[in-house]
Amino acid sequence: MWCIVVHGGAGQWSEREKFSSVEYAILKSLKAGASILESGGSALDAVVNSVMVLEDSGVLNAGLGSYPNLVGEIEMDAGVMDGKSLRAGAVGCIRNVKNPVLAAKLVLEKTDHVLLVGEWASKFAASMGVPVFDFDRSIRLPKYMDLVRKFDEGNTRYKSNLKLYKQYPHLFHETVGAVALDCEGNLASATSTGGLALKLPGRVGDSPLIGAGTYADKNIAVSSTGVGEYIILLGVGIRASIYAENGFTAKEVAEKLVQLLTLKFGENSGGLIALDKNGSIGISYNTPGMARGYFSSEMSEPTVMVP
Ligand code: ASP
């Protein structure tokens, strides 16, 4: 059996005119992952390829569609983990790279490290042949100004950032992620994001932190979305692994973790997708919506839901 689950972020989905392009991106992403899995490819290759499709779509907050930080620049995070080898790769605050998830996979494959950040992560990616992409600030400026206006409605821009993010869930949706189970029973996870819109420059979220936003082992794979700081503080990925080791299915794990997020940090704090070694799927969130989809060898068509 093979299975793939993808998400396009938990948050508030208000731009209805975007729904069909997001649905299309998720469908294309599921098909990209599925074509690898059905031809006997690895879960790791499947999640990376699925996430690259979402990064390239330009309609989600990752890769070409990444949200700007507080000074209007693009700094992206991505992480991947291979449950079979228990190896991971990640990049934080990477710039001018078309596919941060590919850079993360190269950290896993070509180095002895887990996480590279900043300027040297960008240089590493370029040296490994990851396409360089010069983000055109003029295209992003209207979106940036709109975000600044909405953020300012909360009156404070710097103080109590986390409270504001909860009041304005549109500031953190559209991160992307995928989890997959391959025909050999191996699991993998990948997550990629432009991070919280208007984050402080230099801020790293949960997505590239292995054990927080991204995790996979022999029992379960998870990719989280929402306010990264909360996901880090809860250690969502590691908790998922422990719950799965204790016999909980991916569905139960996702529900338990979102209950815990809500209990500790309130509504609008996040969501996650999870997949276990038996093919149980978990999708949970405490935000108004989460773009998501799944496809498996037992289904004739992929299922896609937006928001
Ligand atoms: N979790 C991401 C971050 O905090 C944001 C998101 O999921 O939209 O960077």
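Every number for a ligand or one of its atoms is a count from 1 in the order of the listing.
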- Message: Show, in sequence, the C-alpha distance, side-chain angles and deciding distance for D45 and K105, and conclude whether the salt bridge (Lys or Arg N to Asp or Glu O under 4.0 Å) test is met.
- Response: CA-CA 9 Å; D45 285 342; K105 185 172 186 247; 3.0 Å; yes
- Do other residues, nucleotides or ligands put more than 12 heavy atoms under 6.0 Å from the OH atom of Y294? no
- Provide, to 0.1 Å, the distance between atom 8 (O) of ligand 1 and the closest protein heavy atom, together with that atom's residue and name. F172 O, 2.1 Å
- Message: Would T225 count as a polar contact of ligand 1, with the cut-off being nitrogen or oxygen pairs under 3.5 Å?
- Response: yes
- Answer yes or no for G226: is there a heavy-atom contact with ligand 1 below 4.0 Å? yes
- Query: For atom 3 (C) of ligand 1, which candidate among D206, T193, L60, D77 holds the nearest heavy atom?
  - Reply: D206
- Per the side-chain hydrogen bond (donor to acceptor under 3.5 Å, both in side chains) rule, which among T191, T193, D206 passes with T175? T193
- Which is it for M290 and ligand 1 at heavy atoms under 4.0 Å: side chain, backbone, both or neither? neither
- Carboxylate-amine/guanidinium contact E229 R203, below 4.0 Å: yes
- re atom 6 (C) of ligand 1, the protein heavy-atom contact at minimum distance is T175 OG1, 2.7 Å
- Message: Taking the basic N atoms (NZ, or NE/NH1/NH2) and the acidic carboxylate oxygens, is any pair closer than 4.0 Å for K123 and E119?
- Response: yes
- dist S284:OG -> E255:CD (nearest 0.5 Å) comes out at 5.0 Å
- If we only count N/O pairs under 3.5 Å, is G228 in contact with ligand 1? yes
- Tell me, yes or no, whether the heavy-atom count around K18 atom NZ, taken from other residues, nucleotides or ligands under 6.0 Å, exceeds 12. yes
- Message: Among all protein heavy atoms in this structure, tell me which lies nearest to atom 4 (O) of ligand 1, with the distance rounded to 0.1 Å.
- Response: R203 NH2, 2.7 Å
- Atom indices of ligand 1, in the order listed, that fall short of 4.0 Å to a heavy atom of G195: 9 (O)
